[in-house]
Amino acid sequence: ARRFGEPRNDKCKLLTLNFEHNKMLPVSKVLEKIKPREEERELFLALVIGGQKVKSGIWLYKDGRGEILSIGSSENWTGDSEEELVVAADASISTAIAGLPEITDHQPTKVILGLPEHWIDGVNIKTEKTKVLQTICRKLLLTPQGYVIIPEGIAQFLKKEEGDLVSLILVNLEREKITVSLIIRGKYLGSKVVERSSSLVLDLEEGLLRFGFEEVLPPRILLTGESNLDEARQTLVAYPWINVEKQKKLLFIQQFSRLP
């Protein structure tokens, strides 16, 4: 079977990249510009780049809504090697294409990127990360359309599924760091990255304290990421959060859940 990055035919050309001045649009702005003709069925790729894993999906955008058609495999990379990231993305996209419910001659090339919070500076992708993304898109013949910060994308998904008042603490676990994100009444308030120590509990507490959040924190924590989530959940549940010193700050930790 042909790998995704291999040319499809002699007419295949390298696609122009939309990375001018590092200012790729956030995905919300991109969707406003997508206006396919009624008879068209244009497919888009989603490529989610995590700290050590890459995953892809193919979706159809029609009538202002997105429909997921196929999910690619989750592929490992070290977090450092650009070439490993290209190979991982290629493998995941290939499985996503193979999983399409119907054969199509028009394989998707337009891609929405899901990126970690620490790849973004303000509203722009960091210069060094832009170069990495340029390489991926050039080698895999992709045309980048925009990006979404991963925890913000999860917030948008949960808001759609559960309503405007969804509130939770999102904790993404990686080998060397955790990212703590706060979602209050459907609004993504940002993320704090904490280097991993020997104590996941203290790392989580540190991330929460950095928000300086004055209101009562939500009684829900959603664990995501690449570590052993069951083990992490058991560690957090087993910790005696409620005591005299921490009662005001950590009384909210009552239940845990995780993305499938």
Once salt bridge (charged side-chain N to carboxylate O under 4.0 Å, His left out) is applied, do any residues pair with [X], and if so which ones, sequence neighbours excluded?
| X | answer |
| --- | --- |
| Glu206 | Arg210 |
| Glu162 | Arg220 |
| Lys177 | Glu174 |

Does any pair with a residue in residues 186-195 pass side chain to side chain donor-acceptor pair (under 3.5 Å), and if so which ones, sequence neighbours excluded?
-> Glu117-Tyr188, Ser181-Ser191, Tyr188-Ser191
[atom1]/[X] to [atom2]/[Y] distance, rounded to the nearest 0.5 angstrom?
| X | Y | atom1 | atom2 | value |
| --- | --- | --- | --- | --- |
| Ile68 | Ile58 | CD1 | CD1 | 11.5 Å |
| Leu222 | Leu158 | CG | CG | 6.5 Å |
| Leu223 | Thr235 | CG | OG1 | 10.0 Å |
| Asp203 | Ser198 | CG | OG | 8.0 Å |
| Ile178 | Thr224 | CD1 | OG1 | 10.5 Å |
| Leu113 | Ile149 | CG | CD1 | 12.5 Å |

Please enumerate all residues that pass side chain to side chain donor-acceptor pair (under 3.5 Å) together with [X], with sequence neighbours excluded.
| X | answer |
| --- | --- |
| Glu176 | none |
| Thr78 | Glu84 |
| Ser74 | none |
| Asn76 | Lys53 |

Can you name the residues that form a side-chain contact (heavy atoms from CB on, under 4.5 Å) with [X], not counting sequence neighbours?
| X | answer |
| --- | --- |
| Ile49 | Leu47, Trp77, Leu85, Leu115, Trp119, Leu133, Ile136 |
| Ala46 | Trp59 |
| Gln234 | none |

Side-chain ([X]) to main-chain ([Y]) donor-acceptor, under 3.5 angstrom:
| X | Y | answer |
| --- | --- | --- |
| Thr179 | Asn172 | no |
| Ser197 | Ser199 | yes |
| Ser92 | Ala88 | no |
| Thr109 | Leu142 | no |

Nearest heavy-atom approach of Lys126 to His118 is NZ-O, 2.9 Å
What heavy-atom pair brings Ala96 and Ser56 nearest, and what distance separates the two atoms?
-> CB-OG, 3.7 Å
Contact list for residues 142-160, test salt bridge (Lys or Arg N to Asp or Glu O under 4.0 Å), sequence neighbours left out | none
Ile150 reachable from Val193 in the ILVMFWY side-chain graph, under 4.5 Å edges | no
